[in-house]
Each structure stands twice: as C-alpha cells, then as structure tokens.
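Okay, structure first, notes after.
As the structure is a prediction and not an experimental result, all values here were calculated from the model.
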Amino acid sequence: HTQRVPDESIFLRMFVEALAGRGDNNGDGFITGTELGQFLRETVSNATRARQTPQFARMSRDGVDYGEFIFRSPIGPRETPIGTAATAADRRQELAGAAAGRFRNCHQCPEMVFVPAGSAQLGSPPGEVERAADEALQRRVEMAQRFALSVFEITAQEWSACFREGGCERWIPLPADGARHPVTGVNWEDARQYAQWLSARTGYFYRLPTEQEWEYAARAGSTAARPWGEDIGENRANCADCGSRFDGRGTAPVGQFGANDFGLYDMLGNAWEWVQDCESKPTAAEAAERQYACYLKGGSFATSPVSVRSAARGVYPARRAQPNFGFRVLREEQ
C-alpha cells in the first residue's frame with residue numbers, strides 16, 4: 001500500500017503483455033483474474049527486484065466466492081496440452097525421467113523418485129577421516145516404508161511458481177543465465193512453507209525429510225563417507241575443492257553430476273539442504289522469535305570437502321538464509 005507506481009511503469013507494461021496472451025498460464029485460451037495476478041506478481045517482482053510486489057485475491061465476502069474476471073486471450077489456446085512439457089527438449093527429459101521411475105504431481109511440481117524401504121548404517125564411525133564431534137555415531141536404521149524424494153534440489157523456477165501463486169512469501173530472483181539452479185537464500189521456515197504449498201496444491205503430504213531419511217537416501221546403500229567412496233575424488237560434486245569447473249564459484253545447474261544409486265542428484269555439494277530436524281524442541285518464546293537452530297546436510301559450493309560427506313551436518317538458526325542454503329522435499333507414501 002505504500003509503493004508508488006508511475007503511469008509509465010513496469011507494472012503497466014506487464015499488465016498489457018498479460019492481456020496480450022502472456023498471462024494465460026495454462027494455455028487454455030483464457031486469462032482469469034487469478035492468472036493475471038500470478039503473472040504480475042512474478043514478472044513485476046523480478047523486474048523491479050521486489051521494489052514492487054503486486055498482490056491479488058479472489059472476490060469474496062463472508063465466505064461467499066463471487067467468481068473472478070475472465071479475459072479471452074487474443075492468441076487463443078496453445079497447442080501444447082496442459083500438463084505436458086512446453087518444448088521438445090523438455091518433453092524428452094520428461095520421457096527419460098518417466099523411464100527412470102520419476103514423476104511429478106503437477107506440471108510445476110518438482111520431479112520425484114521413490115526411495116525404497118530397507119535398512120542402512122547411518123552416521124559416522126569414530127575412525128572416519130574428517131569426522132566432526134557433533135555428528136551422529138554410526139548405527140543401523142530401518143526404513144519400514146518407502147518415500148518419494150525430489151530428484152534435484154528445489155530450483156529457483158519451482159520456487160517462483162510457489163511465489164507466483166502466493167504460497168511462498170520470499171521473493172527470490174530467477175537465475176540470470178536461465179538455467180535450472182537450485183533456489184538458495186531460503187531459511188528453514190521458507191522451505192517448510194514451500195512444502196505446505198505443494199501439499200495444498202496436490203493433495204499429497206509433502207515435507208522436509210528428516211536427517212535420517214535424508215542420509216539414508218544420500219547413501220543409497222553405501223557405508224563409505226560418500227556415496228561414491230571414501231575420497232572426494234574429482235568432479236563428483238560442486239564444493240570449494242571438488243575438482244569441478246563450478247568449484248567455489250556458485251551453484252551449478254541441477255543434475256550436472258552423476259546420480260546416486262537411488263537416482264538422486266546433488267545430494268552432496270551445490271547447496272546445503274535444510275532437513276526437518278532441529279537441535280531440540282523450541283520453547284514457546286524461541287518459536288515466537290524463530291531463534292531455534294535446525295540442521296542442514298550435504299555441504300555446498302562454498303564448503304570444503306570435509307562437509308561434503310553423508311554424515312556431516314550444519315547447524316544454523318531457523319531464520320538464517322544464506323546464498324548457499326537450499327533444500328529438497330519428501331512426499332510421504334499414501
């Protein structure tokens with residue numbers, strides 16, 4: 001309500017472009033008021049670096065929904081059916097993912113793969129090289145039921161869909177190179193907000209993985225320090241000294257390194273990943289002030305190989321958001 005918008009503005013230009021057809025998110029040939037609001041929220045926020053953040057809501061009073069405006073798109077419906085990839089390259093990637101057992105619960109949802117039930121040795125033995133004192137000691141853990149985990153770290157584009165629909169409050173700019181980089185600069189509560197939006201949008205229960213679930217998935221049956229062995233090796237991940245062309249420069253587009261045996265990419269390196277666990281159950285005062293500390297796993301482009309191990313963990317305040325903090329989501333079996 002305090003933001004001033006000049007007559008000749010980015011908002012006006014985007015509003016005109018939306019009604020010219022760009023606002024038709026699902027390609028059905030019509031632009032609803034909700035689609036218009038979603039389009040303006042994303043494009044204007046990105047173009048102004050969040051100096052202007054348009055808001056929208058459906059017309060309702062006392063719980064009665066009075067509908068919304070609908071505009072006919074001048075370019076008509078798109079040929080690409082709703083729910084399919086927008087380009088031939090996307091379609092090929094989608095087909096390859098389906099062949100590998102990957103799936104999405106909506107077109108803008110993250111790609112998921114099921115992690116099988118089983119048992120595994122988690123944590124680190126006392127003699128593991130580079131072991132930190134705060135790591136969980138090695139123990140056998142049973143996973144009685146399979147769960148789905150996002151194949152890649154949640155990307156900036158996937159976060160943008162949540163922001164566009166009003167499910168995520170934090171504005172995060174899209175990558176300048178247009179590649180699918182992981183979303184970073186999110187705190188623990190942001191990550192949970194995204195999972196809640198996915199749950200509401202799809203009808204499935206999404207959440208952050210627990211530390212045990214994350215490590216079980218990252219190891220994919222390995223008992224070594226890393227899914228590929230004890231040593232960091234060369235060009236296996238993106239960290240400060242991992243021998244890749246991305247080392248220390250920033251995040252790499254997701255999927256640049258080989259998947260583990262469960263079909264998951266970038267479990268180590270690239271971006272630290274928030275998990276559900278916190279150091280202890282916060283008191284009411286701590287929860288109100290968001291001062292409690294929660295765990296991250298996997299290391300990042302800015303960390304040394306010592307943190308790029310399956311058992312390593314980071315501990316930071318839940319409201320801390322750094323350029324190398326990201327996350328992935330878990331969907332429970334139903």
Side-chain angles (χ1 to χ4, degrees), residues 93 96-97 100 102 110-111 113 115 120-136 138 149-156 175-186 209 211 214-275 295-316 322-328:
Q93 183 181 25
R102 305 196 312 237
E111 199 169 11
V113 68
V115 173
Q121 291 278 7
L122 304 186
S124 54
E128 182 168 300
V129 178
E130 303 170 322
R131 183 183 190 277
D134 68 342
E135 291 175 18
Q138 192 173 55
L149 199 64
S150 49
V151 174
F152 308 105
E153 293 157 325
I154 299 304
T155 67
D177 62 5
R180 296 181 68 239
H181 287 264
V183 65
T184 53
V186 290
E211 184 179 22
W214 186 97
E215 188 177 336
Y216 175 82
R219 289 184 177 278
S222 171
T223 58
R226 300 169 177 92
W228 56 82
E230 296 294 343
D231 298 328
I232 193 65
E234 289 286 326
N235 202 35
R236 297 277 196 167
N238 177 20
C239 76
D241 192 19
C242 281
S244 84
R245 62 190 176 93
F246 303 102
D247 283 11
R249 297 169 51 193
T251 60
V254 297
Q256 296 298 299
F257 305 93
N260 70 9
D261 287 349
F262 287 161
L264 301 164
Y265 292 81
D266 305 314
M267 293 296 288
L268 298 186
N270 218 25
W272 279 106
E273 298 179 16
W274 288 107
V275 293
Y295 296 147
L296 300 106
K297 300 287 288 184
S300 79
F301 68 85
T303 58
S304 65
V306 67
S307 297
V308 185
R309 294 179 298 113
S310 299
R313 64 160 64 127
V315 184
Y316 284 90
Q322 294 189 178
N324 59 336
F325 286 4
F327 68 101
R328 70 181 71 217

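The two atoms that bring Gly255 and Tyr265 nearest to each other are CA-CD2, 3.7 Å, heavy atoms only. Taking both residues in full, the closest heavy atoms of Ala218 and Asn260 are given as O-ND2, 3.2 Å, listed atom of the first, atom of the second, then distance. Residues Ala224 and Gly229 share a closest heavy-atom pair of CB-C, 3.6 Å. The two residues Asn238 and Gly250 make their nearest non-hydrogen contact at ND2-O, 2.9 Å. Across all their heavy atoms, Gly263 and Val151 have their closest contact at O-CG1, 3.6 Å.
Not counting sequence neighbours, Thr184 has no partner by the side-chain hydrogen bond (donor to acceptor under 3.5 Å, both in side chains) test. Taking Phe257 as the reference, nothing meets the ring pair (Phe, Tyr, Trp, His ring centres under 6.0 Å) condition, with sequence neighbours excluded. When the ring pair (Phe, Tyr, Trp, His ring centres under 6.0 Å) test is applied to Tyr316, the partners found at least two apart in sequence or on another chain are Phe325. Taking Asp266 as the reference, nothing meets the side-chain hydrogen bond (donor to acceptor under 3.5 Å, both in side chains) condition, with sequence neighbours excluded.
The distance from the CH2 atom of Trp214 to the CD atom of Glu273 is 6.0 Å, given to the nearest 0.5 Å. To the nearest 0.5 Å, atom CD of residue Glu135 and atom CZ of residue Arg309 are 4.0 Å apart. The line from CE of Met267 to CZ of Phe262 is 10.0 Å long, rounded to the nearest 0.5 Å. Taking CZ of Phe301 as the start and SG of Cys242 as the end, the distance is 12.5 Å to the nearest 0.5 Å. Within the model, atoms CD1 of Ile232 and CG of Leu268 stand 7.0 Å from one another, a figure rounded to the nearest 0.5 Å. The line from OG1 of Thr223 to CD of Gln121 is 7.5 Å long, rounded to the nearest 0.5 Å.
At distances below 3.5 Å, at least one donor-acceptor pair connects side-chain atoms of Asn270 with backbone N or O atoms of Ala252. Ser222 places no side-chain N or O within donor-acceptor distance of the main-chain N or O of Arg219, the cut-off being under 3.5 Å. Proximity of a side-chain donor or acceptor of Glu215 to a complementary backbone N or O of Gly123 within less than 3.5 Å is detected. Between the side chain of Trp274 and the backbone N or O of Val186 there is at least one donor-acceptor pair closer than 3.5 Å. Lys297 places a side-chain N or O within donor-acceptor distance of the main-chain N or O of Ala312, the cut-off being under 3.5 Å. Distance alone, capped at 3.5 Å, is enough to place a donor-acceptor pair between the Arg313 side chain and the Asp134 backbone.
Annotation: salt bridge (charged side-chain N to carboxylate O under 4.0 Å, His left out) contacts involving residues 221-232, sequence neighbours excluded, comprise Glu130-Arg226. Pairs engaging residues 234-258 under the salt bridge (charged side-chain N to carboxylate O under 4.0 Å, His left out) rule: none recorded [sequence neighbours left out].
With contacts defined as side-chain heavy-atom distances shorter than 4.5 Å, the pair Trp272/Pro182 does not qualify.
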